[in-house]
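Just so you know, these numbers come straight off a predicted model, no measurement behind them. Sequential numbering from 1 along the given sequence is applied to the chain's residues.
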Amino acid sequence: TTALLQSARDAAQEARLRAEEASAAKSNFLAVISHEIRTPMNAVISAANLLRRTKLDPAQREHVAMLTDAGDVLMGLLNDVLDFSKIEAGKMELERAAMNVRERLTALCRLWEPRAAAAGVRLVMDIADDVPATVWTDPLRFQQILFNLMSNAVKFTRDGEIRVRVQWDGARLSMAVADTGCGIPADRLPHMFNSFEQADAGTTRRYGGTGLGLSISRKLAEMMGGNLEVESREGEGSTFTLVLPVEIAETDAANAGVAEMAAGTLQGRSILAADDHEVNRRILTLLLEPHGCRLTLANNGAEAVVAARAERFDAVLMDMQMPVMDGLEAAARLREE
């Protein structure tokens, strides 16, 4: 009996290890594929944006707008997959920076207000008077979560209003995004934060999306020490509430970085850019040279290290994955030398 139990335990342990290896392999595969697809997609979007700056007739401008809109949607999907694979692999890292709360929320409203208005929906921002001006958090992930919540609210609301209520309890920020949309069926509500799940099977066909947005948002909220919850009634609307613990930051800490950035210029600067994709190098050239900087291009990390030995650059743009020598090793060499 003891031998049988031990054999069963060994089999279970082996099965668990195989499952963990398979999960890790899947996450790594998703990360690599997302990165490889995102590289040419960046070139497509950048080229479309450069084309938009040229003199175009109305039909050409419409075609370029279609390119940029479709590119933005594809990048959103790729970023969802990449973020999901990073979280699954335990490689998602958070940053800590001073963030102006009202400015960040107002910027999100400015982005979504025209889209809501086009659907006949009113977007309202309600920030309590005692909400601190500046807090320490990860601004990018803070924005990512709220962007997703507001995107869903606009997507699923056809009339009425979307109201973003922001409150402060002395230690935590609470952001509730409430809409008067279609709501979520009671039997689907417990599954809304599961990966690859949406309210019903036809949601992806009608509205698009991966079904990863809410799952990623909740996982990010939990990584930041908070939580993301939902209340909804079918046919009446939904309220998604994000609660995050934050520390109040001195306003000067946030303003210092902004002032420093505003004072910067690329005019006369010497920049080294290393990328193994010819199209990316061309895009970098088209984007940077109009700013009056001098650009030196390298095909890989080894070439970048050689170039940096001959000249001191004001900035180095380094791709991560390159043949001969990748960006991480090249950056380490540059720092050592």
Side-chain angles (χ1 to χ4, degrees), residues 76 79-80 82-113 115-116 123-155 161-179 192-195 212-232 237-262:
N79 287 335
D80 275 355
L82 190 56
D83 281 345
F84 178 76
S85 61
K86 279 184 179 178
I87 291 171
E88 288 289 291
K91 295 180 180 178
M92 177 67 75
E93 295 181 1
L94 298 177
E95 295 187 3
R96 175 180 164 86
M99 181 190 76
N100 186 302
V101 177
R102 284 173 175 79
E103 282 184 4
R104 190 59 58 116
L105 292 169
T106 301
L108 281 168
C109 272
R110 274 200 304 267
L111 175 65
W112 287 108
E113 197 168 25
R115 306 186 195 193
L123 179 58
V124 180
M125 179 72 72
D126 181 9
I127 304 177
D129 293 337
D130 60 348
V131 169
T134 310
V135 300
W136 290 104
T137 187
D138 185 323
L140 176 63
R141 300 308 172 188
F142 176 92
Q143 178 172 300
Q144 181 178 352
I145 297 171
L146 283 174
F147 181 96
N148 184 63
L149 298 182
M150 295 173 73
S151 171
N152 284 345
V154 171
K155 186 188 297 184
E161 74 170 24
I162 298 166
R163 184 174 293 271
V164 182
R165 295 190 303 271
V166 185
Q167 296 177 308
W168 170 250
D169 68 0
R172 301 179 303 170
L173 276 177
S174 172
M175 284 74 55
V177 180
D179 64 62
M192 287 309 298
F193 296 101
N194 292 350
S195 302
L212 287 174
L214 287 176
S215 174
I216 291 170
S217 295
R218 172 173 272 187
K219 287 175 180 174
L220 287 174
E222 290 172 349
M223 289 175 65
M224 297 167 75
N227 58 70
L228 177 60
E229 302 294 342
V230 60
E231 295 179 2
S232 183
S238 306
T239 299
F240 286 85
T241 303
L242 169 67
V243 178
L244 293 177
V246 295
E247 295 177 21
I248 297 177
E250 295 296 329
T251 306
D252 293 344
N255 292 338
V258 174
E260 186 178 340
M261 288 172 62

Apply side-chain contact (heavy atoms from CB on, under 4.5 Å) to the pair Thr106 and Met125, showing each step before the final yes or no. CA-CA 8 Å; Thr106 301; Met125 179 72 72; 5.8 Å; no
What distance separates Phe142 CZ from Glu95 CD, expressed to the nearest 0.5 Å? 15.5 Å
With a 4.5 Å limit on heavy-atom distance, are the side chains of Lys219 and Ile216 in contact? no
Hey, which of Val101, Val164, Leu105 is the one that makes side chain to side chain contact (heavy atoms under 4.5 Å, CB included) with Ile127? Leu105
Can you list every pair that meets salt bridge (charged side-chain N to carboxylate O under 4.0 Å, His left out) and has a residue in residues 103-113, with sequence neighbours left out? none
Would you please test Thr137 and Arg141 for side-chain contact (heavy atoms from CB on, under 4.5 Å) and show each step? CA-CA 9 Å; Thr137 187; Arg141 300 308 172 188; over 6 Å; no
What I'd like to find out is whether the side chain of Arg102 reaches to under 4.5 Å of the side chain of Val131, using heavy atoms alone. yes
Please report the interatomic distance CD1(Ile87) to CE(Met92), rounded to the nearest 0.5 Å. 4.5 Å
Can you name the closest pair of heavy atoms from Trp168 and Asp130 and give their distance? CD1-O, 3.4 Å
Rounded to the nearest 0.5 Å, how far apart are OG of Ser151 and CG of Leu111? 9.0 Å
Check the pair Leu149, Met175 against side-chain contact (heavy atoms from CB on, under 4.5 Å), reporting the backbone distance first and the verdict last. CA-CA 10 Å; Leu149 298 182; Met175 284 74 55; over 6 Å; no
Which pair of non-hydrogen atoms, one from Arg172 and one from Pro245, has the smallest distance, and what is that distance? CG-CA, 3.9 Å
Separation between CG of Asn194 and CZ of Arg218, rounded to the nearest 0.5 Å: 8.5 Å
For Arg96, look at atom CZ and say whether over 12 heavy atoms of other residues, nucleotides or ligands are found less than 6.0 Å away. yes
Distance col, row Ser238:OG vs Met192:CE, nearest 0.5 angstrom, shows 7.5 Å
Which heavy atom of Val230 sits nearest a heavy atom of Phe193, and at what distance? CG1-CE1, 3.7 Å
Given side chains that start at C-beta, do those of Met150 and Ile162 come closer than 4.5 Å, heavy atoms only? no
Output the distance between atom CG (Leu214) and atom CG (Leu228), rounded to the nearest 0.5 Å. 7.0 Å
Heavy-atom donor-acceptor pair, Ser232 side chain to Gly237 backbone, under 3.5 Å: yes
Which heavy atom of Thr239 sits nearest to which heavy atom of Ala176, and what is that distance? CG2-CB, 4.1 Å
Minimum heavy-atom distance Ile145-Ser217, with the two atoms named: CD1-O, 3.8 Å
Is it true that, when you exclude Glu229 itself, more than 12 heavy atoms of the residues, nucleotides or ligands shown sit nearer than 6.0 Å to its CD? yes
For Leu123 and Ala116, work out which heavy atoms get closest and say how close. CB-CB, 4.3 Å
